[in-house]
Amino acid sequence: MLPITEEEWKKKLTEDQFYVLREKGTERAFTGVYDAHFEKGVYSCSGCGIELFSSEGKFDGHCGWPAFSEPVESEKVNLVKDQSHGMIRVEVTCANCGGHLGHVFNDGPLPKGYRYCINSISLDFKKA
Ligand code: FE
């Protein structure tokens, strides 16, 4: 998508969405609507609408945020080294709009072993 200004994002998103998607905030653990949500369907970016994750790859990570073993296609997300808050983590962003989604960790289910730990507020769900 064509880049839009942060001012335009502010108009397009709710305050909480703006805080997470554009300011790389994190919703409080166990508060997001999709944390304990296991219906079949697709999760899209709440910033731009592209499909990012599927219920197929969702698992209960017991971490307080929606957890996925992989995105629907690897090209849908970008992985960025993140050294904020005194930690070395890998940030996950939407490849289309650049919105912050969450982080990916190495403690997910085998065979892939990844846990994409994603803020609920960065996602919209469409039931299959
Ligand atoms: Fe997006």
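Atoms within a ligand are numbered from 1 in the order they appear, just like the ligands themselves. Model, not experiment: these values are computed from the prediction.
Taking the six-membered ring where tryptophan is involved, the planes of Y114 and Y116 are perpendicular, since the angle between them exceeds 60° and thus also 30°.
Contact detail for C48 and C94: the closest heavy-atom pair is SG-SG, 3.6 Å.
Taking CD of E73 as the reference point, atom CD of E51 lies at 9.0 Å (rounded to 0.5 Å).
Between F68 and Y43, the distance separating the two ring centers is shorter than 6.0 angstrom.
Annotation: protein N, O or S atoms under 2.8 Å of the Fe ion (ligand 1) (waters excluded) comprise C45 SG, C48 SG, C94 SG, C97 SG.
Both cation-pi conditions hold for K58 and F38: the charged atom is under 6.0 angstrom from the six-membered ring centre and inside a 45 degree cone around its axis.
For the residue pair S84/D82, the side-chain donor-acceptor check at 3.5 Å is satisfied.
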